[in-house]
Asker: 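Shown below is the structure under consideration.
Counting convention: from 1, in listed order, for ligands and their atoms alike.
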Amino acid sequence: MSGVRFPFEPFRIKMVEPIGLTTREEREALLQEAGYNPFLIPAEKITIDLLTDSGTGAMSQAQWSAMLSGDESYAGARSYYHLRDVVQRVTGMPYFVPAHQGRAAENVFFAALDVGPGMFVPANQHFDTTRANVEVRGAQALDMVVSEGMEPHNLAPFKGNIDLDRLARFIDEMGAEHIPAVIITITNNSGGGQPVSLENIRRTKDLLAPHGIPLVLDAARFAENSYFIKMREPAAAEMSVAEIARATFDLADAFLMSAKKDAIVNIGGLIGVRDGTLFQKISTELILREGFITYGGLAGRDLEALAVGLEEGLDEHYLAYRVGQTAALAGRLQEAGLPLVEPPGGHAVFIDAKEMLPHIPQRQFPAHSFVVEMYRVGGVRAVEIGSVMFGGVDPVTGAERFPELELVRLALPRRVYTSSHLEYVADVCAEIYRRRETLRGLKIVYQAPTLRHFTARFSPL
Ligand code: F0G
């Protein structure tokens, strides 16, 4: 095995946390108890946890020490002003509020925009909570990612781009008055963590501006997207990652951010807007649902950790290691023969379960079947991004729907696992892959009416 090399971890480990070790029998019993849904397995019973890169990062000594100076005042805390300075430096957005996490920001923002029945919110691709927050208001969430974004082996550099022709046609057909916003998710989590180019964002802005439709960034992974732009978009090669991030935000009318990703905090979110009137409506909603505008559901210490993390996440040595680590895991899996979404994304490696397990139809959840087997074999927790997450009954048409892509996501927490942890993960996946035709599908025995993947229970077929 050649062993794909990447920049070594640009940090030392100062505090350690024991890892959960279990026997195969224990894991079999735990799977049964959890209704074959890894979300319902206690984290102590997980050996390597790649469920998500959200809120699972390791904070730096700078973040921990900033937390001790958190100002816990209800209104106008010093920590708020610290965060405000950083948010303005990084994003340039004139108005912002904190929120406790990304989906809270989505709820407040869509309420302030009066999103409701008869409206459409197009995106390159909605993340599940964004889609749900649009649909729960009776509006329709539409995905318009470029066609190469749906082709796992297409090596195009910006497979997260929005299809501008399709978006232009859609605006003409539906009328701008029915489109309260267009969302660009950077990077495109649901589509394999693929980046969006600066040019695509600029052209989207040019398309929307004459119609008065706001361009909204779902900016959870803004730093990784900016790093990919630096690596892949020749016009931006000489810019720093921070400059690219700033140029990206400069094109947007607003952004929503789950700060639990690239800002490397365990909890937190942001809403940024350019328009003062919209900001006032957001403030009213925020006070009702999250808290006063200078803390938005967070403690003062959380605001401090976020202020430090927003800039740490843009460090280019860190990003080279981060994106390199993901690519290295992808390389190991490909050597073992597993079909992946290529090129690998920033925060996660995505395995193409449709190609890997053709004998399991989508209605029997092939990607989820692989996820269950990863836990059974190695105590590794991954997540399905396929027909459990995005399937089910369409709330508008009532028809059974299946997503185009059927993926297993191995999300890498930031600064948490070393390369030997990831070699173990690759070995577990390779072992299952060698006997993939022995895997069987599952059926759902319980599901919630929305966001069913979190709590669904299954039984093996
Ligand atoms: N937008 C994107 C692109 C996300 O990936 C997430 C969360 C959210 C919004 C919602 O933010 O969790 O802070 O409420 N993604 C996590 C994941 C949960 O595992 O990909 P949140």
Asker: So, applying ring pair (Phe, Tyr, Trp, His ring centres under 6.0 Å) with F96, which one of Y80, F279, F109 is it?
Answerer: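 So the option named by the test is Y80.
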Asker: Relative to atom 20 (O) of ligand 1, which among R409, K261, H347, H100 owns the nearest non-hydrogen atom?
Answerer: R409
Asker: In the protein, what heavy atom is nearest to atom 9 (C) of ligand 1, and what distance, to one decimal place, separates them?
Answerer: E106 OE2, 3.2 Å
Asker: How many angstroms lie between atom CG of N124 and atom CD1 of I184, to the nearest 0.5 angstrom?
Answerer: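 Between N124 CG and I184 CD1, I get 5.5 Å after rounding to 0.5 Å.
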Asker: Any donor and acceptor pair, going by atom type alone, linking the side chain of D143 with main-chain N or O of H126 inside 3.5 Å?
Answerer: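 Answer holds: yes.
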Asker: So, F11 versus Y321, ring centres under 6.0 angstrom or not?
Answerer: yes
Asker: Please could you name the atoms of ligand 1 that K260 approaches to less than 4.0 Å, counting only its heavy atoms?
Answerer: 13 (O)
Asker: Give me the residue, atom name and distance of the protein heavy atom closest to atom 12 (O) of ligand 1.
Answerer: R103 NH2, 2.8 Å
Asker: Relative to atom 13 (O) of ligand 1, which among S258, A348, A104 owns the nearest non-hydrogen atom?
Answerer: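 Of the listed residues, S258 has the closest heavy atom.
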Asker: Hey, which atoms in ligand 1 end up nearer than 4.0 Å to a heavy atom of T185?
Answerer: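 Those qualifying, in numeric order: 3 (C).
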Asker: Is it true that the side chains of S79 and H82 contain a donor and an acceptor less than 3.5 Å apart?
Answerer: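 No, no side-chain donor-acceptor contact under 3.5 Å.
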Asker: How far is atom 1 (N) of ligand 1 from its nearest protein heavy atom, and which residue and atom name does that atom have?
Answerer: D218 OD2, 2.8 Å
Asker: Do T187 and R221 have side-chain atoms, one donor and one acceptor, less than 3.5 Å apart?
Answerer: no
Asker: Has the side chain of Q325 got a donor or acceptor atom that lies under 3.5 Å from a matching backbone atom of R322?
Answerer: no
Asker: Can you pull out the closest protein heavy atom to atom 10 (C) of ligand 1? Residue, atom name and distance to 0.1 Å, please.
Answerer: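 Heavy-atom neighbour on the protein nearest atom 10 (C) of ligand 1: T129 OG1, 3.4 Å.
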Asker: Nearest protein heavy atom to atom 8 (C) of ligand 1, by residue and atom, and its distance?
Answerer: F127 CD2, 3.6 Å
Asker: Is it the case that ligand 1 has an N or O less than 3.5 angstrom from some N or O of L51?
Answerer: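 In this structure, L51 places no N or O atom under 3.5 Å from an N or O of ligand 1.
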